[in-house]
Asker: 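Have a look at the structure that comes next, please.
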Amino acid sequence: MNLKGKTILLTGATGGIGEAVARQLADCGARLILIGRNETSLKNLSRELQLNKHNGFTLQADIATHTGLETVRAALIALPNPIDILINCAGVSLFGLLEDNEPAAIENVINTNVTATILLTRQALPFLNKDQGRILIIGSSFGGLGFPGFSVYCASKFALRGFAEALRRELADSKIQVAHLAPRATNTHLNNDAVVELNEALGNKVDEPEYVAAAVEDLLSMKNIRDLNLGWPERLFLRINSIFPRLIDKALLGKLPVIRRFASKHSNYVNSKLTTFGPT
Ligand SMILES: NC(=O)c1ccc[n+]([C@@H]2O[C@H](COP(=O)([O-])OP(=O)(O)OC[C@H]3O[C@@H](n4cnc5c(N)ncnc54)[C@H](OP(=O)(O)O)[C@@H]3O)[C@@H](O)[C@H]2O)c1
């Protein structure tokens, strides 16, 4: 697909990966509708990318609230043409041992990563181009490999992978395509100091958001989009985990003391202000 002139709705546009994706797609000449909560970041991005040149715009919306979803719905109704691509990139993380995770922080992760993504996708479906619409869900390598210290985040990303797979099959007799892209650790504010230190201690490779953004462009430019896991050896670990999970159990048991040390030192960190579904 040639992305020039395509209308693309992007959530999480004010985040590390989202901003890089927005820049990459703006360079392709796409018409961008960028969603985030941070008004200043949205304004700066809009100015930098000259969104209005291509009839693009920003939407300030907390998608984990009914009001935020309503804001997005109203914008979709007002559009003269269908959207070509929906990219679900908004997300929050939670690092810490489950027993230390506060219930409100757990709800926030599930509400934002799972419920909000599903509701927003459902809401966008009737506005997608019936002849060539695309839905891209930004998951995580933790959506295919349960990792100690991230049980809630993993639960949310496993859910998204299942959602993407089922929806792809549900829409298989239409021309709307669905794909799931799983980045590995990426250098953004999603990861607090504890996670950054943990990745260093474990020797985990960390990508720059621009690398993920380039992969998004490559994927969306294909004739048929497909699921993609980024990074080596993560791709191998995901494959081994799906066939011989006990091998990964063993490998992670060896890392558990280090993970516990960082997790308990920084328990209850949540990278985002908490939101719950409700009238506001
Ligand atoms: N960074 C990584 O290591 C990594 C690895 C694999 C997958 N991912 C996934 O990649 C995606 C982007 O992550 P990132 O690293 O770019 O994180 P980030 O820098 O923390 O950005 C998160 C984005 O999500 C938005 N967001 C969060 N809650 C929201 C809500 N309730 N309503 C509307 N927007 C909301 C934020 O908006 P505001 O800033 O405006 O609040 C921000 O734009 C996430 O889905 C994440 O799970 C990240």
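Read the numbers this way: they start at 1 and go in the same order the structure lists the ligands and their atoms.
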Asker: Would you say Ile17 has any N or O atom under 3.5 Å from an N or O of ligand 1, going by distance alone?
Answerer: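 It does: an N or O of Ile17 is found under 3.5 Å from an N or O of ligand 1.
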
Asker: A quick test of your reading: do over 12 heavy atoms of other residues, nucleotides or ligands sit less than 6.0 Å from NZ of Lys130?
Answerer: yes

Asker: Just to be sure I'm reading this right: ignoring hydrogens, which of Asn108, Leu34, Thr14, Thr11 gets closest to atom 38 (P) of ligand 1? Compare them by their nearest heavy atoms.
Answerer: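 The option holding the nearest heavy atom is Thr14.
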
Asker: If you apply the rule side chain to side chain contact (heavy atoms under 4.5 Å, CB included), what do you find for Asn204 with Leu198, and how did you get there?
Answerer: CA-CA 8 Å; Asn204 292 341; Leu198 176 68; 5.6 Å; no

Asker: Which atoms of ligand 1 are found less than 4.0 Å from any heavy atom of Asn191?
Answerer: 1 (N), 2 (C), 3 (O)

Asker: With only distance considered, is Ser141 within less than 3.5 Å of ligand 1 through an N or O on each side?
Answerer: no

Asker: Can you tell me if Phe237 has over 12 outside heavy atoms packed within less than 6.0 Å of its CZ?
Answerer: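 No - once you tally the heavy atoms of other residues, nucleotides and ligands closer than 6.0 Å, there are 12 at most.
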
Asker: With atoms numbered from 1 as shown, which atoms in ligand 1 lie under 4.0 angstrom from a non-hydrogen atom of Lys157?
Answerer: 44 (C), 45 (O), 46 (C), 47 (O)

Asker: Using a 3.5 Å cut-off and no angle test, enumerate the donor-acceptor pairs between side-chain atoms of residues 249-257 and protein atoms at least two apart in sequence or in another chain.
Answerer:
none

Asker: Give a yes/no on ligand 1: does Gly139 have at least one heavy atom closer than 4.0 angstrom to it?
Answerer: yes

Asker: Short N/O distance, under 3.5 Å, between Asn38 and ligand 1?
Answerer: yes

Asker: Within a distance under 4.0 Å of any heavy atom of Ala90, pick out the atoms of ligand 1 and give their elements.
Answerer: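 Ligand 1 atoms under the 4.0 Å threshold to Ala90: 24 (O), 25 (C), 26 (N), 34 (N), 35 (C), 45 (O).
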
Asker: Linking I/L/V/M/F/W/Y whenever their side-chain heavy atoms sit closer than 4.5 Å, directly or via other members, would Leu79 and Leu86 fall into one cluster?
Answerer: yes

Asker: Where the closest heavy atom to atom 29 (C) of ligand 1 is concerned, which of Glu19, His189, Arg37 has it?
Answerer: Arg37

Asker: Within less than 4.0 angstrom of ligand 1, does Tyr153 place any heavy atom?
Answerer: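 Yes, Tyr153 has heavy atoms under 4.0 Å from ligand 1.
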
Asker: Return the option from Asp62, Val212, Leu230, Ile35 holding the heavy atom at the smallest distance from atom 31 (N) of ligand 1.
Answerer: Asp62

Asker: Can you sort out which atoms of ligand 1 are near Arg184, meaning under 4.0 Å from one of its heavy atoms?
Answerer: 5 (C), 6 (C)

Asker: Does the side chain of Lys205 come within less than 4.5 Å of Arg184's, by heavy atoms?
Answerer: yes

Asker: Is the closest N or O pair between Ile63 and ligand 1 shorter than 3.5 Å?
Answerer: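 Yes, there is a polar N/O contact under 3.5 Å.
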
Asker: Using a strict 4.0 Å cut-off to heavy atoms of Ala64, name the atoms of ligand 1 that fall inside it.
Answerer: 31 (N)

Asker: Does Phe244 have Arg246 sitting over its ring (NZ/CZ under 6.0 Å from centre, angle to axis within 45°)?
Answerer: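 So Arg246 doesn't make the cation-pi contact.
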
Asker: Is there any side chain to side chain donor-acceptor pair (under 3.5 Å) pair reaching into residues 20-30, and which pairs are they, with sequence neighbours excluded?
Answerer: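 Those involving residues 20-30 are Glu19-Arg23, Arg23-Glu48, Gln24-Glu217.
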
Asker: Phe95 versus Phe262: any side-chain heavy-atom pair under 4.5 Å?
Answerer: yes

Asker: So if I count the atoms of ligand 1 from 1 in the order they appear, which ones are less than 4.0 Å from some heavy atom of Ala185?
Answerer: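 By the 4.0 Å cutoff, the relevant atoms are 3 (O).
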
Asker: For residues Leu128 and Ile225: do they belong to one hydrophobic cluster (side chain heavy atoms under 4.5 Å, members Ile, Leu, Val, Met, Phe, Trp, Tyr)?
Answerer: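 No; tracing contacts between hydrophobic side chains, which count when under 4.5 Å, never links both residues.
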
Asker: Donor-acceptor pair, distance only, cut-off 3.5 Å: does the side chain of Asn111 make one with the backbone of Ala116?
Answerer: no

Asker: Among Gly12, Gly91, Cys89, Gly16, which one puts a heavy atom closest to atom 12 (C) of ligand 1?
Answerer: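 The residue whose heavy atom sits nearest atom 12 (C) of ligand 1 is Cys89.
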
Asker: Just which atoms of ligand 1 are under 4.0 Å from any heavy atom in Ala61?
Answerer: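 Selected atoms, number and element: 32 (N), 33 (C).
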
